[in-house]
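Below, read A as the first sequence line, B as the second, and so on, with proteins coming before strands; counting in each chain starts at 1.
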2 protein chains.
Amino acid sequence: MTKPGAGARRVTLRDVGALAGVDPSIASRVLGGEMNRVTEGTRERIFEAAKELGWRPHAAARSLRKGTTSMLAVIVPSLYNPAYSGMMKGVQLAAAAEDHVVVFSEGTAGEGTRELERLSEYVDGIIWASSQADGHDEALPASVAPTILLNRQGFPGLPAVVGPDAEGARMAARHLISLGHTRLGVLTGPTSIDTATRRLDAFLSEARLYGAQVVWQASVELDIDAAQQAAAAMVALPRSERPTAVFAAALSASFGLINAARQAGLEVPADLSVVGLDDAEVAEIISPPLTTVRMPHVAMGMEAVRNVLRLIRGEDLPPTIEVTSPSPELIVRGSTSNNLDRTVER
Amino acid sequence: MTKPGAGARRVTLRDVGALAGVDPSIASRVLGGEMNRVTEGTRERIFEAAKELGWRPHAAARSLRKGTTSMLAVIVPSLYNPAYSGMMKGVQLAAAAEDHVVVFSEGTAGEGTRELERLSEYVDGIIWASSQADGHDEALPASVAPTILLNRQGFPGLPAVVGPDAEGARMAARHLISLGHTRLGVLTGPTSIDTATRRLDAFLSEARLYGAQVVWQASVELDIDAAQQAAAAMVALPRSERPTAVFAAALSASFGLINAARQAGLEVPADLSVVGLDDAEVAEIISPPLTTVRMPHVAMGMEAVRNVLRLIRGEDLPPTIEVTSPSPELIVRGSTSNNLDRTVER
DNA sequence: TTGTACGCGTTATCAT
DNA sequence: ATGATAACGCGTACAA
């Protein structure tokens, strides 16, 4: 039992081999998991020696030799945005299952592709969930690791894993309509992000299908303040011109909307129903608790890992992979209610 | 301009050297940042060649040679816990400033030290912010990278970076007392975590100092449900036995407390004032918005990075480093108010 | 100022 | 079934 810190030279396969009385290359084979081409006796001796000496693989040496790092990077718009919590959990889960380590990084605005290059030195593949990934800013540099988009699509040449946005938006529409609402509103993220437009289009067409009117609509950046500001204009409208129910197609939009309503003295859901998209713990603790459509974020994160791994192996991928299972789920909490305008005609 | 994906062999220093007409070792020196021992002309030719070919350092090769990876790991109790948002931002900031990449990992219960070993293969140092790090479970394995605790202390042999917990708790106490409250309560995290006990002790002694009584106190796990359950018992107490104001010494405690109060039909802050510790965006959007003491989390994260780097360099560290600047700051929002019991005696 | 030579730890290939 | 060897890309001590 050597004292750590001190002179503690690294234990290498040479040491293990020496103790087990075999060549280092055999030790490498055995500890690398090769089952054949070695007698049971030596196998055991090698494992014992490795354990005795406390051998651990040297990631850098292995990487250099094999040309692969067993690391994946994921770029998110902002670290600890609750809307990404589920996806990151899925990434973490699937990566661990595939024996990969995950490097997280914030995709700060304007530096999208710089970050891709920097991380490419370290990892085998990249999962890009940043809103920068809209393909409108810059081209992809040459020296970049295999990259897949998550929860977004549209960067030329990069395959994407997306969720059932259209179905989720339709569920939100049907929920409001089934509550008797006929004058609807919709608040989405920036139209430059296709995820937002897919949600918007699906909501609009489902509303039309059921004969509901969409009397207000806006697109805002994905932060609470921007949403609140846009919603403030809506809640200031006279009652007859306002929607009685709004679909807020992102978590930040839901929060901004509810805040604006409260500030204007409107009660949610009595005066205005709000249904969100995406879920998080915070949706339960606000008041009223948010009725929302939960997307299969964990599955999406896992699917992203599996597919970036395919990409790394050189397999061909379809341009867009939609995760449809588990299906989006309507979580009814407190922010939606029947359309009172219909029953109490005042 | 080579097509990516295709046969694209890696660009090495040999290629760069060849194009610049020098030995690869010179290219290594120049691109490694060595300023002397080379003429200006060759310097330029090498940079040009590197740029032209799109050379990027090979992290694994460099690591193997230098015995260092330029990567740091940080272990948090749960990914995307908003209470860690600030600290992680600080870690990310300082790491980037020191040209290090950050690997995030969840410190799942009971696997604390396993995770340390696994990550040690990849990184130069570890920042351990998991609540597992209480030193009561297991001993530190020998083959572990230099490790520093963050927002916790007490694991034998590991230096710790902590925040101004005592001062923060005192500020909370003084705030409630200045509002006229004399019967106080306190809800902290598990006593096995020294951060919780430091906050508790400071609150208790500050209350005593000002002659306020602490009529209720509890310690719970760091999740909303546990806090809510404990608080439910308190709000069920008759009015005369209840505190009129409670210090919830963690974000999850604040939320659980407010939920329990609302469920019991109590109004916050009219019937019960709540002051929290730690801040996050979610504290603004709940209702009432949480009055809380903001801790210097970003600075703490940065300090953790700087000190783990010192540890890696072999420097000696004091067992505990308290970050005192910026000072904790009381953010008065809506969850505290004057003690009405005193004015309206009913 | 520039070049040579070697080794970091691992693993794939080839020989025994 | 086992062993010897070379090479991954880089950085550095040393020689020229």
*asked:* Taking only side-chain N and O atoms of B:Ser28, does any of them lie within less than 4.0 angstrom of OP1 or OP2 on D:dT12?
replied: no

Does the distance from a Lys or Arg side-chain N to an Asp or Glu carboxylate O, for A:Glu121 and A:Arg118, drop under 4.0 Å? no

Separation of D:dG11 atom C1' from B:Glu34 atom CD, nearest Å, is 11 Å

Given B:Leu158 and B:Ile148, is the side chain to side chain contact (heavy atoms under 4.5 Å, CB included) satisfied, shown in steps?
CA-CA 6 Å; B:Leu158 297 187; B:Ile148 197 167; over 6 Å; no

Distance-only, no hydrogens or angles: does the A:Ser120 side chain make a donor-acceptor pair with backbone N or O of A:Val144 under 3.5 Å? no

Indicate whether the side chain of A:Thr42 and that of A:Thr39 have a donor and an acceptor atom separated by less than 3.5 Å. yes

Bounded by its outermost nucleotides with an atom under 4.0 Å from a heavy atom of chain B, the footprint on DNA chain C reads C:dT1 to C:dG9

Rounded to whole Å, the CD1-P distance (A:Ile26 to D:dA4) equals 9 Å

| said: Do the side chains of B:Glu106 and A:Lys89 get close enough for a salt bridge, i.e. N-O under 4.0 angstrom? | reply: yes

Would a 4.5 Å heavy-atom cut-off, applied to side chains only, mark A:Thr69 and A:Tyr122 as touching?
-> no

#### Entry: B:Asp316 and B:Arg310, any side-chain heavy atoms less than 4.5 Å apart
no

Here the distance between atom C1' of D:dG11 and atom CG of B:Leu13, to the nearest Å, is 9 Å

Separation of D:dT12 atom P from B:Asp23 atom CG, nearest Å, is 15 Å

Exercise for review: Answer with base, sugar-phosphate or nothing: what part of the nucleic acid does A:Thr42 contact at a heavy-atom distance below 4.0 Å?
Suggested key: sugar-phosphate

B:Arg29 has its side chain closest, among D:dC8, D:dA13, D:dG3, to D:dA13

Separation between CE (A:Met300) and CE (A:Met295), nearest 0.5 Å, reads 6.0 Å

task = Look only at the side chain of B:Arg14 and the backbone of B:Pro24, and say whether a donor-acceptor pair between them is shorter than 3.5 Å.
result = no

- Residues B:Glu48, B:Lys51: salt bridge by 4.0 Å N-O rule: no

Whole-Å distance, B:Arg14 CZ to D:dG11 C1', equals 14 Å

Next on the checklist: Does B:Ser25 reach a base, just sugar-phosphate, or nothing at all? Heavy atoms under 4.0 Å.
Outcome noted: base

Open item on the list: Do the side chains of A:Asp15 and A:Arg9 get close enough for a salt bridge, i.e. N-O under 4.0 angstrom?
Closed with: yes

Q: Give A:Leu64 one of three labels, base, sugar-phosphate or nothing, depending on what nucleic acid heavy atoms sit under 4.0 Å from its own.
A: base

Ranking B:Val38 and A:Gly32 by the position along DNA chain C of their nearest nucleotide, the one closer to 5' is B:Val38

Would you sort out whether B:Thr68 and B:Asp124 count as a side chain to side chain donor-acceptor pair (under 3.5 Å), showing the intermediate values?
CA-CA 6 Å; B:Thr68 167; B:Asp124 293 338; 2.7 Å; yes

Considering only heavy side-chain atoms of B:Arg37, the closest of D:dC14, D:dT2, D:dG11 is D:dC14

Within residues 44-53 of chain A, those residues having any heavy atom closer than 4.0 Å to DNA chain C are none

Whole-Å distance, A:Arg43 CZ to D:dT2 P, equals 12 Å

Axis-to-axis angle for the helix from C:dT1-D:dA16 to C:dT16-D:dA1, ends of five pairs each, to 10°, equals 40°

